[in-house]
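Single-structure report; data block below.
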Number of protein chains: 2
Amino acid sequence: MTPHERELTTTDADGHPDADAAIVLGEDPPSARVPLDRRRIVDAALEHIEESGLATLTMRRLGARLDVEAMSLYRYVPGKEDLLDAIVEILIGDMHEDPEVLAAPECGWQDFLQRLAHGVRRVALAHPKSFPLVASRPPEAPWLRPPLRSLDWVETFLSGLCSDGFSDEAAVAGYRAFTSFLLGHLLLEVSSLGADIGPLDVLEDGDDEDPRLRDHPTVRRLRRGLGEDHAAAEFEEALEELLNRIAVIRVEL
Amino acid sequence: MTPHERELTTTDADGHPDADAAIVLGEDPPSARVPLDRRRIVDAALEHIEESGLATLTMRRLGARLDVEAMSLYRYVPGKEDLLDAIVEILIGDMHEDPEVLAAPECGWQDFLQRLAHGVRRVALAHPKSFPLVASRPPEAPWLRPPLRSLDWVETFLSGLCSDGFSDEAAVAGYRAFTSFLLGHLLLEVSSLGADIGPLDVLEDGDDEDPRLRDHPTVRRLRRGLGEDHAAAEFEEALEELLNRIAVIRVEL
DNA sequence: ACCTGAACACCGTTCAAGT
DNA sequence: ACCTGAACACCGTTCAAGT
């Protein structure tokens with residue numbers, strides 16, 4: 001694709017170099033490939049993870065994807081660990097840019113938390129294989145419990161609640177309940193998605209039997225229900241319950 | 001070191017072989033080191049992770065810890081991935097051996113789930129740096145939603161509920177609610193523990209200011225509360241709420 | 001200014017060879 | 001039977017050198 005574009009822009013069918021024209025028009029330098037750039041690197045890493053998984057992400061492979069040798073990446077990224085951190089920052093940034101999420105809590109804290117939860121869920125579902133990084137990378141502020149990454153996110157959350165009548169203690173308690181809720185639900189949902197469930201693994205309720213089920217009669221009996229995906233509905237329901245619980249915290253603390 | 005031991009045990013200072021004496025006493029072969037063994041390898045890996053973190057776990061280092069070259073490990077473990085899976089199995093096994101957890105649900109499903117939850121939490125807290133593997137390793141049964149590892153665990157859970165009046169549908173719904181609850185709470189709790197929080201990171205409420213807090217006034221204001229660890233109490237409280245919710249599921253489904 | 005070749009230390013893993 | 005030496009392919013990372 002990139003070579004294709006390059007061909008089209010550097011010479012036309014008659015062999016005329018038309019690079020000059022492009023420059024005159026103020027476009028990118030003919031096709032001396034766009035110089036590398038930190039954001040482009042992080043995006044490519046994200047793409048790779050979603051396509052092929054975190055385990056195969058390699059500085060060398062990432063370089064190849066960008067038509068560059070691995071060493072070039074180090075001009076823009078201090079190292080692989082920092083690259084993974086940068087991915088997390090992009091994911092969190094996506095959340096913050098979402099206008100749905102960003103909107104101030106004018107319609108009350110319940111609406112605010114609803115939008116926040118759905119915003120995080122959208123990001124998680126859009127990047128199922130990368131999302132677990134958000135939970136596993138060492139946090140920006142380790143003294144913060146729970147140590148979710150991104151002080152920006154925490155600030156948004158706490159100031160949102162405090163602006164709608166939460167006491168300091170209630171806001172902190174709400175923060176804890178909300179984050180563990182999101183983590184549990186989204187990590188599980190995302191891990192079913194990332195599992196690359198082969199069509200043969202669906203375990204039809206036909207007469208054929210998975211040998212592993214011989215010693216697990218209850219799992220076998222309930223296997224149809226266990227295979228169904230009700231993640232969306234369960235998320236809504238559990239979120240509703242959570243908001244009720246936070247409402248109690250709000251008036252009690 | 002290894003050659004040193006060998007010298008000391010196979011011959012004494014006068015050149016007498018003393019291996020026979022040891023054998024006569026019925027002890028381990030003098031100290032020709034205990035032959036390797038799959039369980040010993042997995043235990044050593046667990047120890048290494050808790051001491052030094054998953055990132056530094058290496059077949060070569062693991063070999064060194066066992067006074068053996070890395071290649072020897074491959075006689076007992078097919079590869080590094082399988083080793084990580086084996087660690088998860090040990091953790092889950094620990095849970096199942098806990099008599100507190102294992103006891104049949106004779107005192108009702110609420111007591112049963114209480115014991116189960118606390119059993120899982122004990123294991124998580126005992127191995128904070130290894131526990132995240134339970135959530136991140138690809139599951140034994142990918143068609144199972146959520147895909148928690150270990151069919152044994154799922155079987156225990158479901159048959160426990162079904163033996164105390166849960167319909168099939170209610171048991172499945174309860175399973176989903178329970179696992180996402182445990183995952184969220186324990187991963188967050190364990191990640192605060194594993195963070196190796198330096199004493200300087202506690203962020204005293206003294207007058208010194210972390211520069212990162214300049215743009216996060218609410219976090220700064222609430223930092224004392226955010227640093228406190230109420231994980232145990234919050235776990236109990238949230239578990240109580242969860243059991244209430246499951247009670248509703250039980251009668252409704 | 002931006003990229004690369006060559007190099008270094010360290011991986012996971014295999015296999016023929018040692019004891 | 002159990003372990004190791006030597007080797008292979010592949011990592012992350014550095015740095016002097018190329019354009």
Side-chain angles (χ1 to χ4, degrees), chain A residues 2-3 6 10 19 23 28-45 48-49 52-87 133 137-138, chain B residues 1-11 17 19-20 22-23 28-45 48-49 52-87 133 137-138:
Chain A
T2 298
R6 201 178 295 153
T10 54
I23 285 178
D28 297 336
S31 85
R33 59 171 167 284
V34 177
L36 225 39
D37 151 322
R38 186 183 159 93
R39 173 68 196 231
R40 227 153 55 79
I41 293 175
V42 179
D43 283 344
H48 176 98
I49 294 175
S52 317
L54 177 59
T56 67
L57 177 64
T58 264
M59 296 302 273
R60 288 166 139 103
R61 270 197 267 258
L62 185 54
R65 173 183 278 264
L66 291 161
D67 277 325
V68 138
E69 301 298 320
M71 319 87 188
S72 313
L73 303 174
Y74 288 88
R75 187 164 293 270
Y76 304 91
V77 172
K80 198 189 183 187
E81 294 299 293
D82 309 77
L83 176 60
L84 297 181
D85 286 343
I87 291 175
L133 283 176
R137 292 269 89 198
Chain B
M1 45 177 65
T2 298
H4 174 61
E5 283 178 24
R6 201 179 295 153
E7 225 177 332
L8 282 182
T9 57
T10 54
T11 54
D20 289 337
I23 287 177
D28 297 336
S31 85
R33 59 173 166 284
V34 178
L36 225 38
D37 151 324
R38 186 182 158 96
R39 174 67 196 232
R40 227 153 55 79
I41 293 175
V42 179
D43 283 344
H48 176 100
I49 295 176
S52 317
L54 178 59
T56 67
L57 178 64
T58 266
M59 296 303 272
R60 289 167 138 101
R61 269 196 268 258
L62 185 55
R65 174 183 277 263
L66 292 161
D67 279 323
V68 139
E69 300 300 318
M71 319 85 187
S72 313
L73 305 175
Y74 289 88
R75 188 163 291 272
Y76 305 91
V77 172
K80 198 189 182 187
E81 294 300 294
D82 310 77
L83 176 61
L84 296 180
D85 286 343
I87 291 174
L133 283 176
R137 293 268 89 199

(message) Output the rounded distance in Å from CG (A:Leu57) to P (D:dC10).
(response) 17 Å
(request) Side-chain contact test, heavy atoms from C-beta onward, threshold under 4.5 Å: evaluate it for A:Leu83 versus A:Met59 and give yes or no. (result) yes
(request) Would you tell me if any nitrogen or oxygen in the side chain of A:Ser72 comes within less than 4.0 Å of OP1 or OP2 on C:dC2? (result) no
(request) Report the distance from atom CZ of A:Arg38 to atom P of C:dC2, rounded to the nearest whole Å. (result) 16 Å
(message) If you define the side chain from C-beta out and look only at heavy atoms, does anything of A:Ile49 sit under 4.5 Å from A:Leu133?
(response) yes
(message) If you define the side chain from C-beta out and look only at heavy atoms, does anything of A:Leu54 sit under 4.5 Å from A:Leu84?
(response) yes
Using a 3.5 Å cut-off and no angle test, enumerate the donor-acceptor pairs between side-chain atoms of residues 74-82 of chain B and protein atoms at least two apart in sequence or in another chain.
residue, atom, partner, partner atom, Å
B:Lys80, NZ, B:Leu57, O, 2.9
B:Glu81, OE1, B:Arg137, NH1, 3.3
B:Glu81, OE1, B:Arg137, NH2, 3.0

(message) Distance check needed: D:dC2 C1' versus B:Asp67 CG, whole Å only.
(response) 15 Å
(request) May I ask you to test the B:Leu73-B:Leu66 pair for a side-chain heavy-atom distance under 4.5 Å? (result) yes
(request) Compare side-chain N and O positions of B:Arg61 against OP1 and OP2 of C:dC11 and report whether any pair is under 4.0 Å apart. (result) yes
(message) Using whole Å, what does the distance between atom P of nucleotide C:dC11 and atom CG of B:Leu54 come to?
(response) 14 Å
(request) May I have the distance from A:Glu81 (atom CD) to D:dC11 (atom P), rounded to whole angstrom? (result) 16 Å
(message) Measuring from the side chain of A:Met59 (C-beta onward, heavy atoms only), which nucleotide among D:dA7, D:dT13, C:dT4 has the closest atom?
(response) D:dT13
(request) Any chance you could encode DNA chain D as dot-bracket? Rule is Watson-Crick or G-U wobble with both distances under 3.5 Å; [ ] for pairs crossing earlier ones, | for another strand. (result) ||.|||||...|||||.||
(message) I want to check one thing: is the phosphate of D:dC3, taken as OP1 and OP2, less than 4.0 Å away from some side-chain N or O of B:Tyr76?
(response) yes
(request) Assign each of A:Ala70 and A:Arg75 to its nearest nucleotide of DNA chain D by heavy atoms, then name whichever residue's nucleotide is nearer the 5' end. (result) A:Ala70
(message) Using 0.5 Å steps for rounding, measure from the CZ atom of B:Arg65 to the CD1 atom of B:Ile41.
(response) 13.0 Å
(message) Of the options D:dT4, D:dT13, C:dT4, whose atoms approach the side-chain atoms of A:Val68 most closely?
(response) C:dT4
(request) Please determine, for the side chain of A:Glu69, which listed nucleotide (D:dA7, C:dG5, D:dT14) has the closest atom? (result) C:dG5
(message) Whether the side chain of B:Ser72 engages the backbone of B:Val68 through a donor-acceptor N/O pair (distance < 3.5 Å, no angle test) should be reported.
(response) no
(request) Nearest-nucleotide wise, let me know which of B:Thr58 and B:Met71 is further upstream toward the 5' end of DNA chain C. (result) B:Thr58
(message) Can you measure A:Tyr74 atom OH to C:dG5 atom P for me and round it to whole angstrom units?
(response) 16 Å
(message) If I take atom CG in residue B:Leu62 and atom P in nucleotide C:dC11, what distance separates them, rounded to the nearest angstrom?
(response) 12 Å
(request) Find the distance B:Leu66:CG to D:dC2:P and express it as a whole number of Å. (result) 16 Å
